[in-house]
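All heavy atoms count here, side chains included; hydrogens, waters and symmetry mates do not. Computed from a prediction, not measured in an experiment: that's the story for all the values here. Throughout, residue positions are numbered sequentially from 1 according to the sequence presented.
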Amino acid sequence: MYETLSLYIDGEFLEGEGRVEQDVFDPATGERLGRLPHASRADLDRALAAAQRAFESWRTVSPMERGAILRKVGELSRARAKEIGRNITLDQGKPLAEAVGEVMRCADHCDWHAEEGRRIYGRVVPPRLPNVRQLVLREPIGVCAAFTPWNFPYNQAIRKIAAAIAAGCTIILKGPEDSPSAVVAIARLFHEAGLPPGVLNVVWGVPHEVSEYLIASPIVRKVSFTGSVPVGKQLAALAGSHMKRITMELGGHSPVIVCDDAEIERAAAMLAAFKFTNAGQVCVSPTRFFIQEKAWDRFMARFTEASRGVKVGAGIAPGTTMGPLAHARRVSAMADFVQDARERGARIEVGGERIGDTGHFFAPTVIVAPPDDARIMQSEPFGPVAACVPFKELDEAIGRANSLPYGLSSYAFTGSSKRALRIQNGIEAGMVNINHFGQGLPELPFGGIQDSGMGSEGGTETFDGYLVTKLVTQMD
Ligand code: NAD
């Protein structure tokens with residue numbers, strides 16, 4: 001049975017009941033899975049009032065009690081990972097093992113935020129006078145509005161929710177209407193774990209209508225968004241006009257630098273597996289592959305072989321290693337990238353086409369030697385397309401890697417610690433992974449710079465966006 005889709009406001013699950021609804025489809029088959037109710041203005045007002053009311057008491061609840069609820073949600077996530085994962089596969093498309101893995105990893109985010117919430121410390125600053133005491137307090141910012149996307153529907157939502165509620169904030173979250181089951185499941189787990197009404201509220205609707213209404217509300221003090229750069233800029237501008245704190249986790253166009261002294265076959269196999277995870281619909285997916293000339297032939301032979309070996313199919317089918325894209329607009333976006341690259345003289349070494357006419361399947365695709373002004377080298381593909389280009393000198397590769405306004409993740413493979421250091425120091429990105437993919441753990445900060453966003457999720461930085469600083473200075 002697919003999830004019963006609902007809103008979650010002030011501790012109550014609300015279904016259609018005369019509200020506007022939208023259909024939710026399986027991207028592998030085009031079949032209708034369910035109907036998602038949109039929040040009316042009255043629902044949004046109710047969510048705002050509930051979050052404001054709940055904040056007054058939630059802010060005073062001890063971090064131990066908040067942590068206990070988060071740990072319970074972690075436990076429930078592990079116990080229900082199979083059924084939640086199955087629904088994610090149905091409405092988002094990724095292979096079942098990836099969907100279940102996403103839910104399991106989120107349990108770690110719950111546990112980690114439960115613990116780290118105990119360590120939101122202030123400080124005592126030595127005074128200039130003997131009878132003065134100076135305290136720096138960190139307090140929860142208040143009601144947060146969060147907007148999360150469809151590519152990791154469980155992970156993107158739980159990271160914002162865990163950080164907000166561990167910090168003592170309350171939250172209204174609008175999840176992805178295309179792939180909503182994960183966020184409804186999260187609401188059910190928090191409900192079952194005993195989260196007080198109003199601390200978490202889940203709403204759905206026309207994205208820009210909901211975000212504009214919530215961000216403009218004086219009740220909302222903080223805005224957190226994960227999604228595309230253009231939408232992030234719009235929401236950041238709107239939040240700025242109301243002087244609201246933001247966390248923006250936006251797109252990337254991650255460079256990979258493979259040096260000729262790396263373990264080439266290992267790098268090629270690892271990169272092919274990572275590239276086609278979630279059909280490439282990952283903000284940190286490797287997308288621009290810079291391969292040093294002497295390693296080119298070996299790398300390309302292994303990388304194209306591994307890309308051809310990806311088993312495309314419905315995520316629910318055993319053995320599938322890459323599912324459909326989440327919706328039709330991603331399929332046409334991929335076809336446009338391929339056509340543009342072809343017209344500019346690039347070679348399509350693997351794939352390049354839609355597969356079949358049912359569902360949103362697109363073949364794993366390797367584009368060889370597109371010019372730097374090809375669209376695939378300029379704009380984030382957010383799909384199963386890799387662009388590979390050769391380079392001679394490391395400085396040239398670092399320069400080309402840094403040539404775009406994105407700055408989310410980056411990857412490099414080298415056997416030399418000297419080169420690794422040059423890459424660490426030279427790459428402009430929020431995250432640099434050398435010889436492995438290590439980012440994304442709850443204890444590590446995840447976030448981008450430049451157009452890729454602002455603020456970090458995870459790591460000790462995770463609460464920065466959810467706290468305000470208050471100075472108290474007292475004279476006896
Ligand atoms: P999109 O920009 O239309 O939507 C991305 C997400 O933002 C969706 O979940 C959508 O519901 C939401 N959204 C859109 N407009 C909004 C608004 N005004 N207010 C609040 N939420 C809004 O793009 P898309 O076609 O769904 O996805 C493709 C693009 O999105 C990619 O190019 C990629 O850069 C970006 N994306 C990034 C991430 C990420 O993890 N950073 C995740 C998903 C999508």
Side-chain angles (χ1 to χ4, degrees), residues 2-9 13-44 46-47 84 86-94 99 102 145-161 171-188 200-215 223-228 230-232 234-235 238 249-251 278-279 281 283 315 323-333 359-360 382-383:
Y2 180 66
E3 180 66 76
T4 305
L5 300 174
S6 29
L7 304 156
Y8 180 62
I9 297 175
F13 289 91
L14 306 166
E15 289 171 33
E17 298 148 15
R19 294 179 174 84
V20 172
E21 292 182 289
Q22 80 175 72
D23 290 329
V24 175
F25 296 100
D26 180 339
T29 62
E31 278 164 28
R32 195 178 84 172
L33 294 166
R35 303 265 293 156
L36 180 72
H38 282 195
S40 63
R41 277 284 152 95
D43 291 324
L44 295 180
R46 194 175 156 210
I84 297 171
R86 183 179 168 277
N87 286 334
I88 294 175
T89 292
L90 287 179
D91 66 19
Q92 196 274 348
K94 65 182 66 177
E102 178 179 341
F147 307 95
T148 56
W150 44 264
N151 59 338
F152 290 93
Y154 204 84
N155 176 292
Q156 309 274 24
I158 206 102
R159 285 201 293 186
K160 295 190 196 304
I161 296 168
I171 181 165
I172 303 170
L173 185 135
K174 189 199 79 60
E177 285 76 14
D178 294 323
S179 313
S181 66
V183 169
V184 177
I186 289 173
R188 292 196 195 287
L200 166 66
N201 303 274
V202 168
V203 296
W204 308 102
V206 176
H208 77 94
E209 289 177 5
V210 177
S211 58
E212 283 161 19
Y213 193 70
L214 293 180
I215 294 171
V223 176
S224 182
F225 171 74
T226 300
S228 64
V231 174
Q234 282 166 29
L235 299 192
L238 184 60
E249 207 272 271
L250 309 179
N278 204 8
Q281 302 165 118
C283 55
L325 304 193
H327 35 64
R329 59 184 182 275
R330 298 308 320 143
V331 176
S332 45
H360 310 314
F382 217 69

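- Within the 4.5 Å cutoff, no side-chain heavy atoms of F147 are placed close to those of P207.
- Considering L7, I171, L44, I172 in turn, I172 is the only one that fulfils the side chain to side chain contact (heavy atoms under 4.5 Å, CB included) rule with N201.
- Contact check for F25 versus S179: no side-chain heavy atoms found under the 4.5 Å cut-off.
- The minimum heavy-atom distance linking Y154 with E102 is given by the pair N-OE2, 2.9 Å.
- The shortest side-chain heavy-atom distance between Q281 and Q92 falls under the 4.5 Å cut-off.
- Atoms CG and OG1, from D26 and T89 in turn, are 9.5 Å apart once rounded to the nearest 0.5 Å.
- Residues V203 and A47 approach most closely at CG1-CB, 4.3 Å, considering heavy atoms.
- Distance alone, capped at 3.5 Å, places no donor-acceptor pair between the N87 side chain and the S181 backbone.
- Each of R35, E177, H38 was compared with Q22 under the side-chain hydrogen bond (donor to acceptor under 3.5 Å, both in side chains) criterion, and only H38 meets it.
- Comment: E21 does not engage R19 in a salt bridge, judged by the lack of any side-chain N to carboxylate O separation of less than 4.0 angstrom.
- Annotation: cation-pi pair R330/F382 absent, no NZ/CZ under 6.0 Å from the ring centroid and within 45° of its normal.
- At least one side-chain heavy atom of K94 sits less than 4.5 Å from a side-chain heavy atom of F152.
- Rounding to the nearest 0.5 Å gives a distance of 10.0 Å between CG of D23 and CG of L36.
- In terms of heavy-atom proximity, I9 sits nearest to D43 at CD1-O, 3.5 Å.
- Contact check on D178 versus R329 returns a salt bridge, with a Lys/Arg side-chain nitrogen under 4.0 Å from an Asp/Glu carboxylate oxygen.
- Separation of atoms NE2 (H208) and CD1 (I215) is listed at 12.5 Å; rounding is to 0.5 Å.
- We find the NE2-CG distance between H360 and L325 to be 8.5 Å, quoted to the nearest 0.5 Å.
- The shortest side-chain heavy-atom distance between Q156 and L173 does not fall under the 4.5 Å cut-off.
- Looking at V24 and E3, their side chains never come closer than 4.5 Å, going by heavy atoms from C-beta outward.
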message: Run S224 and R159 through side-chain contact (heavy atoms from CB on, under 4.5 Å) and show every step you take.
response: CA-CA 11 Å; S224 182; R159 285 201 293 186; over 6 Å; no

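- Residues I186 and Y8 fail the side-chain proximity criterion, which asks for heavy atoms closer than 4.5 Å.
- Here the rule is side chain to side chain contact (heavy atoms under 4.5 Å, CB included) with W204, and of L5, V184, V210, V20 only V184 fits it.
- With a 6.0 Å radius and a threshold of 12 heavy atoms from other residues, nucleotides or ligands, E31 has its CD atom at or below the threshold.
- When all heavy atoms of P324 and G93 are compared, the closest pair comes out as CD-O, 3.3 Å.
- Contact between S211 and L238 at its shortest, heavy atoms only, is O-CD2, 4.4 Å.
- Taking every heavy atom of both residues into account, V183 and P176 meet most closely at CG2-CD, 4.1 Å.
- Considering only heavy atoms from C-beta on, P153 stays 4.5 Å or farther from T148 through its side chain.
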